[in-house]
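Below: the structure, in structure tokens.
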There are 2 protein chains.
Amino acid sequence: MDIHQLRIFASVYRNRSFSKASEQLYISQPTISEHIKNLEKSLGCTLFDRLGRKIEPTSEADLIFPKALQLVEDLERINDLVLKSSQRVKGKLFIGASTIPGNYMLPVLAAKFRNKYPEVSFEIVIADTKIITDMLLNHEFFLGIVGASMEPRILNYEPFLDDELVFAGAPEFMENLTKSSVQIYQIPFLLREEGSGTRKTMEDFLHKMQIDLKKMNVVAILGSTDAIKQAIKVGLGTSILSRRAIAEELENGSLMEMKLSETMKRSFYLATHKKRTLPAQYKAFHDFLVAGSI
Amino acid sequence: MDIHQLRIFASVYRNRSFSKASEQLYISQPTISEHIKNLEKSLGCTLFDRLGRKIEPTSEADLIFPKALQLVEDLERINDLVLKSSQRVKGKLFIGASTIPGNYMLPVLAAKFRNKYPEVSFEIVIADTKIITDMLLNHEFFLGIVGASMEPRILNYEPFLDDELVFAGAPEFMENLTKSSVQIYQIPFLLREEGSGTRKTMEDFLHKMQIDLKKMNVVAILGSTDAIKQAIKVGLGTSILSRRAIAEELENGSLMEMKLSETMKRSFYLATHKKRTLPAQYKAFHDFLVAGSI
DNA sequence: TATTTCAAATAGGAAATAACTATCGAAAAT
DNA sequence: ATTTTCGATAGTTATTTCCTATTTGAAATA
């Protein structure tokens, strides 16, 4: 049994004629005859009594006609379903992001996106660039936002909003620092753990400035930006961290920035698997982020 | 788009594998590949992301899977539908019958049949054998009960219960008749109209008895058995009519039969169109009537 | 890193199916 | 009686489906 047979059956039933159906479907009349014959054979019953010039549907034909019609229409609707859904932006966005984007960039962007497409919701998993990258490789996310391009052959990377690292400390601390010109290696310094993107960027910057990290006065290594932030606030030392992470504190004066001769730019990337097809809502969010980054 | 593609798609989706699906459906793996490719082409979207050793359904696949499944199952259920319905005896029986069977035979038989199959209902149209025959030829009935085989090449005729015609009149009338042996051509006689089966049978009988109808004392030609019956009762004359039609009157003495040397048998026939397929309830009733006539 | 293994894609060809044209035959209309 | 209409049949051709054999590419393993 085949849907094509049902399509033909429905046309014959409606037209009460094999030849009318053949005109309607642009198929020759003998082909119609054959299909009806096969359908009758597979159902084990006669569908149309051939009465010379006329045909008359049997009660079995009356019975299956509505079902056949529904099947034919449902089949056609599958196409619409795909078309519609691919235009409709809704559903959950499960996104992996490294610390800075996840904490300080995505929330704002997600809110904006939701204004445009109220039917979406977000779940943002925050982890190392390394971990997010691995999860992308394992197809646990469609979309990641990471601080470094680690697998450019497998993943697609597109530039995202930049971040800037600033050298900051508690206000009283920083004022002292500017008055008495202290050696860089004497300043108490707080570090992120290895593997953190912020740490990596900072290292690169220090390297470029020809400062040796090993000689620095590292008073603590902490596992998150927030921990660093709290430590600085209570006067434990200074650190280099994302402007976005301490924007508020810089504003209200609870933290103070020390301008350096060079700015520490850090890029983030939208990462997707080269072989995965993005569902509509991911595609839309991806495009939204790319457009916003220009 | 084809249901076969959906069947294959569903299997691939469930198995999360082209080759597992190929085992399940006893189709080679390349064929599975090709069908999925074609389905993707016709839908205009990717259904499975090929990730080397694994495949992953896209959101479009998630979307259409339940629909596909339902379509495949619905299609299979059409077969069941036909099977079930052909065993189930129910629905309306629209039957054409000539006067005697329609008035005096079918009501009893219909009641018996309904005892056996309570889901049936009857609509019995009573008309001339000629009219019922024409309606059968025009496919206005599946089943007719008529008094003569008029179109044996187009309709199937099967013997049904016989009827007997009796010569009857009002009691006082008949008693006179027996006392004073009157000439047959002097008896006041009531006739049915031409075209009536009763009339035809009677004519044949008279012909066999070598009685000339034209010489008879015809006092009225009436259009129905009941009219004849009423006319006889009020003493207008005598007539020849169905024993079944006047069984009650003969019983209670309001009419009286005069036994003749020969009985006038009349056959009835179940008539069906040779080219029509009988719906289940008609088939069942037909078989019921044939069995009862033996 | 190289090798093996696994799963899907591709190529090429055979079989099955669906389609066509031409024609027949039966019933209905003229 | 003749023509017209409509479905069935016969005989081919085109298309589709499906197969086997092989290749490709990614993941697992040595």
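Hydrogens, waters and symmetry mates are skipped; everything else that's a heavy atom, side chains included, is used.
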Contacts table for residues 68-81 of chain B: side-chain donor-acceptor under 3.5 angstrom, sequence neighbours left out:
none

Taking distance alone, no hydrogens or angles, what donor-acceptor pairs closer than 3.5 Å link side-chain atoms of residues 268-275 of chain B to residues at least two apart or in another chain?
unit_1, atom_1, unit_2, atom_2, d
B/His273, ND1, B/Lys275, N, 3.1
B/Lys274, NZ, B/Pro152, O, 3.0
B/Lys274, NZ, B/Arg153, O, 3.3

Can you give the donor-acceptor pairs under 3.5 Å from side chains of residues 12-21 of chain B to other protein atoms, not counting sequence neighbours?
unit_1, atom_1, unit_2, atom_2, d
B/Tyr13, OH, B/Asp62, OD1, 2.6
B/Asn15, ND2, B/Ser11, O, 2.8
B/Asn15, ND2, B/Ser11, OG, 3.2
B/Asn15, ND2, B/Gln24, OE1, 3.3
B/Arg16, NH1, B/Tyr13, O, 2.5
B/Ser17, OG, B/Ser19, N, 3.2
B/Ser17, OG, B/Ser19, OG, 3.4
B/Ser17, OG, B/Lys20, N, 2.9

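Using cut-offs of 30° and 60° for the angle between ring planes, the B/Phe48 and B/Phe9 rings count as tilted.
When all heavy atoms of A/Met105 and A/Phe160 are compared, the closest pair comes out as CE-CE2, 3.8 Å.
The outermost nucleotides of DNA chain D lying under 4.0 Å from heavy atoms of chain A, listed 5' to 3', are D/dT4 to D/dA26. Reading DNA chain C from its 5' end, the first and the last nucleotide to sit under 4.0 Å from a heavy atom of chain B are C/dT5 to C/dA27.
By the 4.0 Å N-to-carboxylate-O rule, A/Asp134 lies close enough to A/Lys130 to be salt-bridged with it. Salt-bridge check for B/Arg199 with B/Glu193: failed, with every basic side-chain N at 4.0 Å or more from each acidic carboxylate O.
Listed by chain and residue number, B/His35 satisfy the ring pair (Phe, Tyr, Trp, His ring centres under 6.0 Å) test with B/His4 (two or more places apart in sequence, or in another chain). Checked against ring pair (Phe, Tyr, Trp, His ring centres under 6.0 Å), A/Tyr117 has the following partners two or more places apart in sequence or in another chain: A/Phe113. Shown here are the ring pair (Phe, Tyr, Trp, His ring centres under 6.0 Å) partners of A/Phe141, two or more places apart in sequence or in another chain: A/Phe94. Under the rule for a side-chain hydrogen bond (donor to acceptor under 3.5 Å, both in side chains), B/Ser121 has no partner lying at least two apart in sequence or in another chain.
Contacts classified as salt bridge (charged side-chain N to carboxylate O under 4.0 Å, His left out) and involving residues 27-41 of chain B (residues at least two apart or in different chains) are given here: B/Glu40-B/Arg50.
Listed by residue number, B/Tyr26, B/Ile27, B/Ser28, B/Pro30, B/Thr31 are the residues of residues 23-33 of chain B with a heavy-atom contact under 4.0 Å to DNA chain D. Using a 4.0 Å cutoff on non-hydrogen atoms, no part of residues 6-21 of chain B comes near DNA chain D.
Heavy-atom neighbours of A/His139 NE2 from other residues, nucleotides or ligands within 6.0 Å: above the threshold of 12.
Take the nearest nucleotide of DNA chain C for A/Glu34 and for B/His139: the residue whose nucleotide is more 5' is A/Glu34. Taking for each of A/Leu137 and B/His4 the nucleotide of DNA chain D with the nearest heavy atom, the 5'-most of the two is the partner of B/His4.
Residue contacts for B/Lys54: at a heavy-atom cut-off of 4.0 Å it reaches no nucleic acid atom on any strand shown.
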